[in-house]
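What follows is a short report on a single structure.
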Amino acid sequence: MASDDLWQRLRSWLKPAAGMPSTPVPRPAAPPRNGAGSARVADSLRSLLDDPTIPASVRGELAADFGRIENMLHKLERGELHVAVFGRVSTGKSALGNALLGREAFSVGVLHGTTTDAAHAMLDEAQHDGLVLIDTPGINELDGEAREQLAFEVAEVSDLVIFVGDGDLTREELDALRTLAATQRPLLLALNKADRYGADELADLLAHLRLRVAGLVRAEDVLAVAAHPTAQRVVEVDARGREQSHEQARPPDVAALRERLLAIAAREGKTLSAINAGLYAGRLTDQVSARIAQTRQVVAAKLIHNYCIAKGVAVALNPIPVADLLAAAGLDAAMVVQLSRVYGLPLTRAESGRLVAVISAQLAALMGAIWGMQLVASALKGVSAGLSVVVTAAAQGALGWYATVLIGRAAERYLVAGKSWGEAGAKRAVADIVASLDRDSILREAREEILRRLKSRHTAH
């Protein structure tokens, strides 16, 4: 048997991982669309923000997303509805925002890059409804990718989107509309600069736009506006009968859009805000779960590796026949107990033993006489002639190492699936694990590591 000092070192390698969540991260509640779910979503957001099972490392990696969730919670508590304004450069997005607000809140310009960051301001006429307007960069800015990404990020945290065009939609605009529709935000399409068209031409263009965006924007949400109408030429006749002409500014024509926004805010504002918060929190929950899964995989890989060392060294010190390798289940059962804790699905030692027995039985069935001889040959591959006791012990230890890798990976798959082998059963799952691993590279690593440890131990003595 291995000496007491060896087992002390084995135990030091096999310390359980700390700080891993024991239960899956709860997904925030989805609110009903009748407006009754705001309080429930707010509670879910608080639970997500305060969830003690989320590791600090994951919170750090997703700090910006958690910050957004906190902002959304505050938005829900204030009863605000955030409306993002999108469109190409020079379609009049910022001018439309200013016209809706009735003041110069957003920078207006025809050059690319005028709106370099998202800005927002309360809609003066709707402060009691908590309507907040957000201007965004043009989707065709010169350094397009970064600003377009910013625009879509704003869409994710907005409750409703106004897409501004100034004529028939380009392919770029239609693609952007489809992308925005995929974020599950209600969309309004504002045809700006409507003053450039005659009545019949405008009616035809609106009808054409409604056909092009069918399935993306409701027909009643395609509206004509004139955020900054061209000045009107006025001719006046003075007292002497002489004609004088001058340019006279015309007021913005955004009444239909403003009324539509106010109606949506009054009727659906809290519901839209709650739905958006729930959707975003759901995506964050998926990201958190994915990061936790990645962390668990890293911890599990290290744990399995440590048990491989423990079993490989133990077998090398006390060689046992190859045929009995799969029966040496003591360390494997302990490993599976630790793995179950890493994945938040604790198994008792008895349950772990039964799971190892199931996996071992499937491995034994796969490792028939021919396959077994190939495995032994792989374990001895590269060993010099005149096999020394240390070298052959390392080869046998490598076989123990390899068996532990197989058992650990199979148990991990079982745990990841929620203590289930799935429809295909244990036989298929274990066979897939065997097929997915590079046997020769694992055995080579095992031999080298075990030899290094055996030689180090021999030198120490």
Locate the shortest heavy-atom distance separating [X] from [Y]; write the atom from each residue and the value.
{"X": "Ala99", "Y": "Pro252", "answer": "CB-CB, 3.7 Å"}
{"X": "Arg212", "Y": "Leu169", "answer": "NH1-O, 2.6 Å"}
{"X": "Ala190", "Y": "Ile162", "answer": "CB-CG2, 4.0 Å"}
{"X": "Leu339", "Y": "Ala411", "answer": "CD1-CB, 4.3 Å"}
{"X": "Ala310", "Y": "Leu331", "answer": "C-CD1, 3.9 Å"}
{"X": "Tyr197", "Y": "Gly167", "answer": "OH-CA, 3.6 Å"}

Atom [atom1] of [X] and atom [atom2] of [Y]: how far apart are they, to the nearest 0.5 Å?
{"X": "Glu70", "Y": "Leu48", "atom1": "CD", "atom2": "CG", "value": "11.0 Å"}
{"X": "Leu303", "Y": "Glu412", "atom1": "CG", "atom2": "CD", "value": "9.5 Å"}
{"X": "Ile359", "Y": "Asp332", "atom1": "CD1", "atom2": "CG", "value": "9.0 Å"}
{"X": "Asp159", "Y": "Ile264", "atom1": "CG", "atom2": "CD1", "value": "11.0 Å"}
{"X": "Leu206", "Y": "Leu211", "atom1": "CG", "atom2": "CG", "value": "11.5 Å"}
{"X": "Leu205", "Y": "Arg196", "atom1": "CG", "atom2": "CZ", "value": "9.5 Å"}

Full working for side-chain contact (heavy atoms from CB on, under 4.5 Å) between Phe163 and Val217: CA-CA 10 Å; Phe163 195 95; Val217 184; over 6 Å; no
Donor-acceptor contact below 3.5 Å, side chain [X] vs main chain [Y]:
{"X": "Arg178", "Y": "Glu173", "answer": "no"}
{"X": "Arg296", "Y": "Val342", "answer": "yes"}
{"X": "Arg260", "Y": "Leu188", "answer": "no"}
{"X": "Asp195", "Y": "Thr230", "answer": "yes"}
{"X": "Glu61", "Y": "Val58", "answer": "no"}
{"X": "Arg349", "Y": "Ala333", "answer": "no"}
{"X": "Ser420", "Y": "Ala417", "answer": "no"}
{"X": "Thr91", "Y": "Gly165", "answer": "no"}
{"X": "Ser352", "Y": "Thr348", "answer": "no"}

Any [X] side-chain heavy atom under 4.5 Å of [Y] side chain:
{"X": "Val298", "Y": "Lys302", "answer": "no"}
{"X": "Leu96", "Y": "Lys93", "answer": "no"}
{"X": "Val83", "Y": "Ser158", "answer": "no"}
{"X": "Val336", "Y": "Tyr414", "answer": "no"}
{"X": "Leu261", "Y": "Leu160", "answer": "yes"}
{"X": "Arg409", "Y": "Arg413", "answer": "no"}
{"X": "Phe66", "Y": "Arg59", "answer": "yes"}
{"X": "Val405", "Y": "Ile407", "answer": "no"}

More than 12 heavy atoms of other groups within 6.0 Å of Lys419 NZ: yes
Asp438, CG: over 12 other non-hydrogen atoms inside 6.0 angstrom: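 Counting neighbours around CG of Asp438, more than 12 heavy atoms of other residues, nucleotides or ligands fall under 6.0 Å, so yes.
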Side-chain donor-acceptor contact under 3.5 Å, His305 with Glu449: no
Evaluation steps, side-chain contact (heavy atoms from CB on, under 4.5 Å), between Tyr343 and Gln297: CA-CA 9 Å; Tyr343 282 97; Gln297 287 171 357; 3.8 Å; yes
N-O pairing of Arg444 and Asp440 below 4.0 Å: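 No.
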Residues Asp432, Arg428; criterion salt bridge (Lys or Arg N to Asp or Glu O under 4.0 Å); working and verdict: CA-CA 6 Å; Asp432 288 345; Arg428 176 60 181 272; 3.1 Å; yes
Leu363 vs Val434, side-chain contact (heavy atoms from CB on, under 4.5 Å): CA-CA, chis, key distance, verdict: CA-CA 8 Å; Leu363 288 174; Val434 171; 3.7 Å; yes
Worked verdict on Asp221 versus Leu187 for side-chain contact (heavy atoms from CB on, under 4.5 Å): CA-CA 7 Å; Asp221 290 334; Leu187 290 171; over 6 Å; no
